[in-house]
Structures are given as structure tokens and as C-alpha cells.
Amino acid sequence: MKDNVLKKEFNKKDVKRLRNLVKGKSGERTGQGVGYTKKDEFHKEGDTWEENGRTWTIRDGIKENITKLDKFKKAAVPLFCPSCNRVMNRQLDPHYYKAYGKCIDCRAKFETEMKLEGKWGKYLKNTSNKEIDNMIEEYKAFMDNAINASSDGFVTESGEVEKWVGGVNKERAEKAMEETVKYLESLKKE
């Protein structure tokens with residue numbers, strides 16, 4: 001009979017703790033704390049703040065640490081396809097993710113659906129035309145930069161400053177740019 005006797009008496013705090021655990025309230029307090037209390041800060045989606053020497057933000061309702069590797073994480077290929085949530089472990093999956101943002105199976109399914117609906121030709125035409133438009137914009141920016149570049153002087157590899165006479169013939173360069181843009185526009189598919 002003496003073996004069943006408790007050797008320790010339960011405090012009121014212990015009983016409250018057990019009651020909370022049974023009720024599923026494991027985070028509830030059982031006693032009163034005295035001393036320092038941390039100021040409660042509430043942050044919304046997209047807020048950025050610093051705490052304990054680290055920078056934090058809230059993305060998709062989750063508190064995340066902002067690190068130097070965040071840019072790399074975005075460029076890296078995820079483990080799961082964002083469209084179908086399957087593991088991206090096949091050989092071409094990383095290439096298809098970088099190009100299209102999904103695994104090879106999802107891309108094949110997309111292309112098949114487009115072909116069955118008869119929209120594939122239009123999709124290819126629009127994609128090609130967008131690439132040509134981007135090429136034209138990059139070319140115009142390059143030429144504008146080259147035409148408006150200063151010809152006051154250039155520094156050689158040895159560190160000497162050379163002053164060149166003449167410069168860019170702006171009229172001829174603009175005419176050549178117009179002809180090139182006209183040619184690139186002619187490459188667009190109708």
C-alpha cells in the first residue's frame with residue numbers, strides 16, 4: 001500500500017498546467033511573471049524591420065529573415081514545381097524552370113493544350129514578336145548611348161589620356177539605326 005503513495009505533493013501551479021495540457025491549451029500561463037516584458041510589435045504583410053541585428057519581413061503571412069542569399073534563392077531552382085507540386089528532379093527540369101517557371105511535364109501539358117485548341121501558332125508568333133521588340137529596344141538604347149557618348153578623351157590601358165578628333169557622325173548613325181530598326185520590324189510575323 002505504501003508503494004502507491006506519492007512522494008511529491010502537487011502545487012496549485014502544477015494542477016493548472018496539467019489541466020491546460022488536457023484541454024489542449026499548452027501555451028497558457030499558469031503563474032504570474034514579474035520583471036521585464038517585451039514590447040509587443042505587430043507587423044503587416046510586406047513590413048521590414050530590424051530585430052537583434054537581423055532584418056525581418058513578412059511574406060505570405062510568415063515571418064522571414066532577410067539574408068544576403070535571398071537573390072540567390074530566387075535564382076535557384078526549387079525542389080517542387082510551383083504548378084504541379086511534384087519533385088523537379090529530372091535532367092531538363094532546371095532548364096525549363098529557368099525559361100518557363102515550371103517543370104518539363106507542366107510545360108509539355110501547356111504546349112499540348114495550346115496545340116489542341118489551335119492557339120499554338122498565335123502563341124509562337126506573339127512570343128517571337130515580343131523577342132524582336134525587346135531586341136529593338138535594346139538596340140535603340142545602345143545606339144543612343146553610343147551616339148551621345150562624349151568624345152572628349154579616352155583613357156588607355158597604360159593610363160594615358162588620348163584626345164580623338166572627329167567623333168560619331170550622328171546623322172549617319174541615326175540613319176543606320178532607322179534602317180536596322182526597319183529591318184528588325186520586317187522580321188516580325190504577321
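Heavy atoms only: backbone and side chains are in, while hydrogens, waters and symmetry mates are out. Just so it is clear, the model here is predicted, and its values are computed rather than measured.
Atom OG1 of residue T112 and atom CD of residue E117 lie 11.0 Å apart, to the nearest 0.5 angstrom. For the atom pair D93 CG and C81 SG, the distance stands at 7.5 Å (nearest 0.5 Å).
Side-chain atoms of E131 and T127, non-hydrogen and from C-beta on, do get closer than 4.5 Å to each other. Side-chain atoms of N148 and K170, non-hydrogen and from C-beta on, do get closer than 4.5 Å to each other.
For K175 and E171, the salt-bridge test fails: no basic side-chain N is under 4.0 Å from an acidic carboxylate O.
Taking the six-membered ring where the residue is Trp, W49 and H43 present parallel rings, their angle staying beneath 30° rather than reaching 60°.
A distance-only check finds no donor-acceptor pair linking the side chain of S128 to the backbone of L124 [under 3.5 Å]. With hydrogens and angles ignored, the 3.5 Å screen pairs a side-chain donor or acceptor of D70 with a backbone N or O of T67. Judged purely by atom type and a 3.5 angstrom limit, T57 uses its side chain to pair as donor or acceptor with the backbone of D47. Distance alone, capped at 3.5 Å, places no donor-acceptor pair between the N20 side chain and the R17 backbone. With hydrogens and angles ignored, the 3.5 Å screen pairs a side-chain donor or acceptor of N129 with a backbone N or O of K189.
Around CZ of R19, the count of heavy atoms belonging to other residues, nucleotides or ligands within 6.0 Å does not exceed 12. Atom NZ of K115 has more than 12 neighbouring heavy atoms from other residues, nucleotides or ligands inside a 6.0 Å radius. Counting non-hydrogen atoms of other residues, nucleotides and ligands closer than 6.0 Å to NZ of K188 gives a total above 12. Atom OH of Y96 has 12 or fewer neighbouring heavy atoms from other residues, nucleotides or ligands inside a 6.0 Å radius. Around CD of E50, the count of heavy atoms belonging to other residues, nucleotides or ligands within 6.0 Å exceeds 12.
Linking Ile, Leu, Val, Met, Phe, Trp and Tyr whenever their side-chain heavy atoms come within less than 4.5 Å leaves M88 and Y100 in two separate clusters.
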